[in-house]
Undergrad: 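What follows is a structure written as structure tokens; I'll ask about it next.
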Number of protein chains: 2
Amino acid sequence: MSFEPTICPSGDEKVLLFGLLMDTNARLTKDLGEELEKYCELPLAWFDALLHLRKVDSGRLKMNEIADAIVHSTGGTTRLIDRLEEAGFVVRELCPTDRRAIYVAITEAGNRKLDAALATHMEFLQATLAERLNAGERKSLATLLGKLNAH
Amino acid sequence: MSFEPTICPSGDEKVLLFGLLMDTNARLTKDLGEELEKYCELPLAWFDALLHLRKVDSGRLKMNEIADAIVHSTGGTTRLIDRLEEAGFVVRELCPTDRRAIYVAITEAGNRKLDAALATHMEFLQATLAERLNAGERKSLATLLGKLNAH
DNA sequence: TGCAAATAGTTGTATAAGCAATTATAATGA
DNA sequence: TCATTATAATTGCTTATACAACTATTTGCA
């Protein structure tokens with residue numbers, strides 16, 4: 001062959017690590033998404049948004065905070081919240097101190113749906129995370145990902 | 001509050017770990033995708049497909065093998081390969097032993113493009129992976145993700 | 001041998017997400 | 001104070017992907 005690629009077959013350690021992260025996430029995400037869709041009729045993106053809302057004590061976030069949390073564009077987040085609101089899982093609320101901003105709050109129906117999804121979720125996670133990694137390994141992974149995620 | 005969610009605010013260790021994996025990947029993927037798009041005009045999905053092709057000695061995979069590697073549907077993969085072929089980075093080749101199957105092979109132009117992308121990639125990875133995790137941590141992370149990725 | 005079932009890939013269609021432009025409001029500073 | 005700039009969210013439009021239906025080929029088995 002006349003052409004000689006500089007990195008072939010891409011044996012670099014960092015490339016491989018990043019690829020592994022992408023692959024692992026893609027597979028787990030796909031599997032979990034199918035589980036949630038099948039047993040809860042809940043798209044993964046909805047689950048993700050609801051989970052971020054529940055994570056905060058107030059149960060509500062501004063549009064841009066959700067967009068950042070779920071790593072979507074603001075436009076995409078507007079449409080996603082439209083659908084969630086249509087389904088009754090969240091409501092938009094006016095922000096009293098900034099009339100540009102919109103709060104999105106999880107509803108009681110949203111909380112119930114999330115509870116149901118978490119039940120499914122836990123089975124899935126048991127069958128994947130806990131089966132493949134012991135407690136120490138899970139803790140290590142969380143620590144490493146936390147470092148990687150810091151910005 | 002009259003309603004009491006069973007898991008609130010979702011303090012379960014496995015839920016948090018999975019969320020961390022999703023978040024970390026989403027952020028890194030988004031950042032890398034923007035880098036590649038900006039400096040190489042190469043969509044991340046193209047990069048991913050080309051990388052998987054280069055990983056194998058023959059530089060070619062069947063459609064279903066690529067679909068599996070990049071975690072796309074077969075339909076989505078057909079369209080993705082259409083675009084890559086249109087751009088000249090891969091070619092479809094007939095399979096001599098099975099007339100249903102199609103080989104996709106990376107071209108010389110594809111290899112050049114991937115080399116350019118890997119240069120960008122390495123800067124990005126240096127600025128993220130290597131800056132946040134030392135060699136031992138990267139190795140640990142790779143091992144843990146490898147276990148998690150096994151199916 | 002020949003028919004049923006499985007497999008590989010493509011195509012029609014629907015949808016979710018990104019980007020850029022737009023509107024509305026708030027903050028800054030001359 | 002008023003004009004400029006920045007910020008929050010939405011909307012129009014484009015595109016990438018999934019899903020399901022379809023075609024072509026191969027495999028298995030009676």
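Quick caveat: nothing in here was measured; it's all calculated off a predicted structure. Numbered from 1 within each chain, the chains take letters A, B, ... in sequence-line order.
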Undergrad: Between B:Ser73 and A:Ile102, who's closer to the 5' end of DNA chain D by nearest nucleotide?
TA: A:Ile102
Undergrad: So, is A:Arg100 close to the C:dT22 phosphate, meaning a side-chain N or O under 4.0 Å from OP1 or OP2?
TA: no
Undergrad: Quick one: does any side-chain atom of B:Glu137 pair with a main-chain N or O of B:Asn134 as donor and acceptor, under 3.5 Å?
TA: yes
Undergrad: Is there, by distance only and without an angle test, a donor paired with an acceptor across the side chain of B:Arg79 and the base of D:dT17 below 3.5 Å?
TA: no
Undergrad: Atom OH of A:Tyr103 and atom P of D:dT10: how far apart are they, to the nearest Å?
TA: 15 Å
Undergrad: Rounded to whole Å, how long is the line connecting atom NZ of B:Lys38 with atom P of C:dG18?
TA: 19 Å
Undergrad: Between D:dA8, D:dT17, D:dT25, spot the one nearest the side chain of A:Asp98, thanks.
TA: D:dA8
Undergrad: Round to the nearest Å and state the distance from B:His72 atom NE2 to C:dA16 atom P.
TA: 18 Å
Undergrad: Could you state the CG-C1' distance from B:Asp68 to C:dG9, rounded to the nearest angstrom?
TA: 15 Å
Undergrad: For A:Leu50, does its backbone N or O pair with a side-chain atom of A:Lys55 as donor and acceptor, under 3.5 Å?
TA: no
Undergrad: In terms of side-chain heavy atoms of B:Ala101, which of D:dA8, C:dA8, D:dT10 is nearest?
TA: C:dA8
Undergrad: Quick one: is C:dT10 close enough that its OP1 or OP2 comes under 4.0 Å of any side-chain N or O from B:Arg92?
TA: yes
Undergrad: Are OP1 or OP2 of C:dG9 and a side-chain N or O of B:Asn64 less than 4.0 angstrom apart?
TA: yes
Undergrad: Can A:Arg92 and A:Asp82 be counted as an ion pair, charged N to O under 4.0 angstrom?
TA: yes
Undergrad: Nearest whole Å is fine: how far is C:dG18 C1' from B:Leu44 CG?
TA: 14 Å
Undergrad: Rounded to whole angstroms, how far apart are CD on A:Glu86 and C1' on C:dT15?
TA: 15 Å
Undergrad: Between B:Thr120 (side chain only) and B:Tyr39 (backbone N and O only), is there a donor and an acceptor less than 3.5 Å apart?
TA: no
Undergrad: Would you say the base of C:dG9 and the side-chain of B:Arg99 have a donor-acceptor pair closer than 3.5 Å?
TA: no
Undergrad: Measure from the side-chain N and O atoms of A:Arg138 to the backbone N and O of A:Leu133, and report whether any donor-acceptor pair falls under 3.5 Å.
TA: yes
